[in-house]
Amino acid sequence: MESSSTAVPGSSRREATRQKLYEAAVTLIAEQGFSATTVDEIAERAGVAKGTVYYNFASKAVLFEELLRHGVGLLTASLREAAERTAREGRGRVDALDAMIRAGLVFIDRYPAFTQLYVAELWRTNRAWQSTLLVVRQEAVAVVEGVLREGVASGEFSDGIDVPLTAAALVGMVLVAALDWQSFQPERSLDDVHAALSRLLQGRVSGRP
C-alpha cells in the first residue's frame, strides 16, 4: 500500500520496510483473520526478521492499527485530490462527488484486501483500535461532507439534505457496491460500476432527472 508522498531523506528504507509489513499483514489477515495471524507469519511473508516487525511496531495490534490508519489515509488523500482537481477545472460539486466516487472505486480496485478488512472492522466494537478507526473513518467522510456543504452554500444541493448522513451514505455506497462487484460480479469493469453509481448520484443528490 504505497504512499503517494515523497520520502524524506534517511527515512526511505524504513518506510519501504513498513510498506512490506503492511502488505504482508493485510494479505494474511484477510486470508485467515487477525487472531490466527502470527508475527512470525507476517515477518516471513514480508521477507524480514521477526525482530524487524517489533522494531517498527510495538505489537501485532499496533501494526494493524497503523495499517488501518495508513490505508484509510490513502483513501482520504485520493478523495481529497479528486475534489481539488475538479475545483481547479472549474466544475461543480456534483462533478466533484462523481470524481470522488471514481477515486474510491480505483482505490478499492487497487487494494481489495485492505477494503475487506476495513469494512469488516467497522462492524466490530470490541477492538483495541476502535477509537482510531472511528477517527480515520471520519476524516474520509469529512472530505465528502465538505463538498456537500459547499454545494448547499452555492445552491447546487438542497439545503434540506442531512450533510453528515448523506456523506456517510455516499462513502458506504461506494464501499458496498465495490465489494459486491469484486465478489459477485467480477466480470463488470470499473467503468460499469462507476457509471451505475454516477447515475444514482445524478438522480438522487443533485435532483436532476
Side-chain angles (χ1 to χ4, degrees), residues 1-81 103-141 171-172 174-190 193:
M1 303 186 66
E2 298 179 357
S3 172
S4 59
S5 61
T6 302
V8 177
S11 68
S12 58
R13 179 175 297 179
R14 186 177 185 189
E15 181 60 27
T17 299
R18 290 170 73 94
Q19 292 288 346
K20 289 196 296 183
L21 292 171
Y22 286 145
E23 294 284 356
V26 74
T27 302
L28 285 166
I29 295 171
E31 290 174 354
Q32 57 195 34
F34 176 80
S35 297
T37 299
T38 67
V39 171
D40 294 271
E41 289 173 321
I42 293 172
E44 182 179 1
R45 180 70 64 95
V48 300
K50 182 177 179 178
T52 301
V53 179
Y54 288 115
Y55 175 77
N56 286 275
F57 305 100
S59 66
K60 184 179 68 169
V62 171
L63 167 57
F64 189 65
E65 183 174 350
E66 288 302 311
L67 169 62
L68 290 172
R69 192 188 300 276
H70 176 72
V72 180
L74 291 179
L75 172 60
T76 301
S78 68
L79 297 178
R80 184 177 294 112
E81 169 55 27
L105 291 172
V106 169
F107 175 88
I108 294 166
D109 188 46
R110 184 176 183 184
Y111 303 117
F114 172 79
T115 305
Q116 291 170 14
L117 284 180
Y118 173 60
V119 172
E121 288 303 315
L122 288 175
W123 291 99
R124 298 189 173 103
T125 59
N126 61 341
R127 299 295 206 186
W129 48 81
Q130 182 67 18
S131 60
T132 295
L133 184 61
L134 293 176
V135 169
V136 296
R137 170 206 167 273
Q138 184 53 40
E139 288 174 355
V141 174
V171 173
V174 173
L175 288 171
V176 174
L179 290 178
D180 185 88
W181 157 43
Q182 295 188 340
S183 299
F184 304 112
Q185 305 181 65
E187 71 280 2
R188 293 185 181 274
S189 68
L190 189 151
V193 181

Contacts of Ser59 that satisfy side chain to side chain donor-acceptor pair (under 3.5 Å) - sequence neighbours left out: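 Not a single residue meets the side chain to side chain donor-acceptor pair (under 3.5 Å) criterion with Ser59.
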Can you name the side chain to side chain donor-acceptor pair (under 3.5 Å) partners of Gln116, sequence neighbours left out?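 Partners of Gln116 under the side chain to side chain donor-acceptor pair (under 3.5 Å) test: none.
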Taking C-beta and beyond as the side chain, do [X] and [Y] meet within less than 4.5 Å on heavy atoms?
{"X": "Leu133", "Y": "Arg69", "value": "no"}
{"X": "Arg18", "Y": "Phe57", "value": "yes"}
{"X": "Phe114", "Y": "Ile108", "value": "no"}

Between Thr37 and Glu31, does a side chain to side chain contact (heavy atoms under 4.5 Å, CB included) hold up when you go through it step by step? CA-CA 9 Å; Thr37 299; Glu31 290 174 354; over 6 Å; no
Side chain [X], main chain [Y], donor-acceptor under 3.5 Å:
{"X": "Thr27", "Y": "Ala24", "result": "no"}
{"X": "Trp181", "Y": "Leu190", "result": "no"}
{"X": "Thr52", "Y": "Val48", "result": "no"}

Go through the steps for Arg45 and Glu41 under the test salt bridge (charged side-chain N to carboxylate O under 4.0 Å, His left out), then give the verdict. CA-CA 6 Å; Arg45 180 70 64 95; Glu41 289 173 321; over 6 Å; no
Starting at [atom1] of [X], measure out to [atom2] of [Y] and round the result to the nearest 0.5 Å.
{"X": "Glu66", "Y": "Thr132", "atom1": "CD", "atom2": "OG1", "value": "7.5 Å"}
{"X": "Ile42", "Y": "Lys50", "atom1": "CD1", "atom2": "NZ", "value": "10.5 Å"}
{"X": "Tyr55", "Y": "Thr17", "atom1": "OH", "atom2": "OG1", "value": "9.5 Å"}
{"X": "Leu67", "Y": "Glu121", "atom1": "CG", "atom2": "CD", "value": "10.0 Å"}
{"X": "Leu75", "Y": "Tyr111", "atom1": "CG", "atom2": "OH", "value": "10.5 Å"}
{"X": "Leu105", "Y": "Arg110", "atom1": "CG", "atom2": "CZ", "value": "15.0 Å"}

So which atom in [X] and which in [Y] form the shortest heavy-atom distance, rounded to 0.1 Å?
{"X": "Val26", "Y": "Ala113", "value": "CG2-C, 3.9 Å"}
{"X": "Leu63", "Y": "Val53", "value": "CD2-CG1, 4.5 Å"}
{"X": "Leu74", "Y": "Phe107", "value": "CB-CE1, 3.8 Å"}
{"X": "Glu139", "Y": "Thr76", "value": "O-CG2, 3.7 Å"}
{"X": "Leu21", "Y": "Ala46", "value": "CD2-CB, 3.8 Å"}
{"X": "Ile29", "Y": "Phe34", "value": "CG2-N, 3.7 Å"}

Take Val72 and Arg137, measure what side chain to side chain contact (heavy atoms under 4.5 Å, CB included) needs, and give me the verdict at the end. CA-CA 7 Å; Val72 180; Arg137 170 206 167 273; 5.7 Å; no
Do the ring planes of Tyr22 and His70 sit parallel (below 30°), tilted (30 to 60°) or perpendicular (above 60°)? parallel
